[in-house]
Amino acid sequence: MQYIGSIDQGTTSTRFIIFDKQGNMISVGQKEHAQIYPQAGWVEHDATEIWQNTQEVIGLALGKVNLSPHDLAAVGITNQRETTVIWNKHTGEPYYNALVWQDTRVGNTVAELEASRGANCFREKTGLPLATYFSGLKIKWLLDNVEGLREAAQNGEAIFGNMDTYVIWNLTGGTDGGIHVTDVTNASRTQLMNLHTMQWDDEILAILDIPKQILPEIRSSSEVYAEAKGLLVGVPVAGDLGDQQAALVGQTCFAAGEAKNTYGTGCFMLLNTGTTPTPSTHGLLTTVAYQFGKEPVHYALEGSVAITGALVQWLRDNLGIIEKSSDIEDLAKSVEDNGGCYFVPAFSGLYAPYWKADARGIIAGLTRYVNKGHIARAALEATAFQTLEVLESMEKDAKIEISSLRVDGGMVVNEMLMQFQSDMLDVPVVCPAMIETTALGAAYAAGLAVGYWQDLNDLKQNWGVAHTWKPDMPAEQREKLYHYWKKAVTRSFEWEE
Ligand SMILES: Nc1ncnc2c1ncn2[C@@H]1O[C@H](COP(=O)(O)OP(=O)(O)O)[C@@H](O)[C@H]1O
Ligand SMILES: O=P(O)(O)OC[C@H](O)CO
């Protein structure tokens, strides 16, 4: 069999990509799904629409190049992490829309737990601070607020999953024998898994009042979980990685000290820290990077930034100052600099390194001089400033110096942003030839499990550089920009009461 399939279930769209042994993209199908905003701070997805789209994009990608499931050696799954769905295992129907990772409705619970137990009460066990971001509190909200759900959970009818689990359950037959599994990377984002044992943690489950029987079985990221039914009938389902971990694998960052930053809806920098978890004292997350079969678990430090590309979408959809995302570059280039304007996109509070659920977005430094070009520029610069903050934390936590940064994701086509990023970090920014690293990482996990690729050296050979941006900004200018950014950030704090 010549190819490997990869389902990339992202925040804004679902893709199915077919790769060959050299990691080239043979075909792709992609479809966006609805973003549902029932009220300020709430973000939902219709999980059934996502499964429908998954099937459509599989059909689309296979159809374009006239391939059938027989041509695929295995399929891997990668997904937006933390997004939470609970469904009925007899009917397949979700009890409620999926609560998306960006959703802030559990803010009050975060505040209560912070007051009673401290912001870092689960950090030692899970690597994560209290935040609205992770799945555990979202599960609790659903159990507490959806009528009849707690009973259904207790009697074993209702089951929970992140989007990997939901897609794999459906892909392997759904109500007709679908398997209920997740992998160590996704489980590490629920705030319910103990990082040291790779098991669900009974004490945290008791504190949050979550019945263990709704949780999936935790497996490695690369093994044959089951065979697919339906559209991919007979294909081994053999890889499962959270999307940011998948990008780390797709970028072949297998050695401790290697890092990547993915620029999509949000920005997520992951640094491979090897086989022992590195605690963070500078606002990062300790998380699982991957586990290939029976090999030891690898860990990562992660800097998660909630809003980067999403801010570009917001300028397009909510302000209408651009028609399509790519227009932002020309608009930003219509001015010489940011005109003193700084945009802190704390739309879901601030994630790394601040973890402030009560922060909200602000545009600072406005004068009559500022025009939409400056706003566009400030929006792009916000991505680079937030990345610099994360990189600084990373260097402190891991006690290393990062000498160059591998990048990927939908925003890296923006030349201006990448140059500014290199200027702000003062290190080269390196983009690989294949920027669909997320889907590629899941393909790698699946391909390793079935022997399509033999080992990590096979994968490393597929990685090549497409472009490098080198720093080219005087230190004084860089420091001044960063100083004003930091000042703007403090103005966004403690807005929500
Ligand atoms: N030329 C561009 N400049 C800046 N941002 C862009 C550009 N093109 C796309 N984007 C942004 O990139 C994001 C899409 O990237 P992608 O990696 O597909 O995201 P995700 O996986 O989170 O859905 C969108 O938020 C979009 O606004
Ligand atoms: O879907 P993406 O690429 O925006 O990634 C979302 C992250 O997994 C959220 O933790």
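Values below: all heavy atoms of this structure, side chains included; hydrogens, waters and symmetry mates excluded. As the structure lists them, so they are numbered: ligands from 1, and atoms in each ligand from 1.
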Note: T12, heavy atoms under 4.0 Å from ligand 1, region reported as both
Under 4.0 Å from a heavy atom of T11: give me the atoms of ligand 2 that qualify, with their elements. 1 (O), 2 (P), 4 (O), 5 (O), 6 (C)
Would you say V413 and ligand 1 have an N/O pair spaced under 3.5 Å apart? no
Note: ligand 2 atoms sitting under 4.0 Å from heavy atoms of Y133 are 9 (C), 10 (O)
Heavy-atom contacts with T265 under 4.0 Å: which atoms of ligand 2 show up? List them by number with element. 4 (O)
Counting only nitrogen or oxygen atoms and a 3.5 angstrom limit, does D243 reach ligand 2? yes
A student checking ligand 2 against Q244 at a 4.0 Å heavy-atom cut-off should list atoms 3 (O), 5 (O)
D240 side chain to S221 backbone, donor-acceptor under 3.5 Å: no
Would you call E329 a ligand 1 contact, heavy-atom distance under 4.0 Å? no
Taking atom types as modelled, find out whether K470 and T468 have a side-chain donor-acceptor pair closer than 3.5 angstrom. no
I'd like to know if the side chain of Q35 pairs up with that of H45 as donor and acceptor (distance under 3.5 Å, no hydrogens or angles considered). yes
Is there a donor in the side chain of D164 and an acceptor in the side chain of Q9, or the other way round, less than 3.5 Å apart? no
Under a 4.0 Å heavy-atom limit, does T438 contact ligand 1 with its side chain, its backbone, both, or neither? neither
Looking at ligand 1, would Q9 count as a contact under a 4.0 Å heavy-atom criterion? no
With a cut-off of 4.0 Å, which atoms of ligand 2 are near a heavy atom of G10? 1 (O)
Counting each atom of ligand 2 from 1 as listed, which ones have a heavy atom of Q80 under 4.0 Å away? 1 (O), 8 (O)
Ligand 1 N/O within reach of T11 N/O, cut-off under 3.5 Å: no
Between N162 and S135, a side-chain donor and acceptor under 3.5 Å: yes
Can you name the atoms of ligand 2, numbered from 1 with element, that are less than 4.0 Å from a heavy atom of E82? 9 (C), 10 (O)
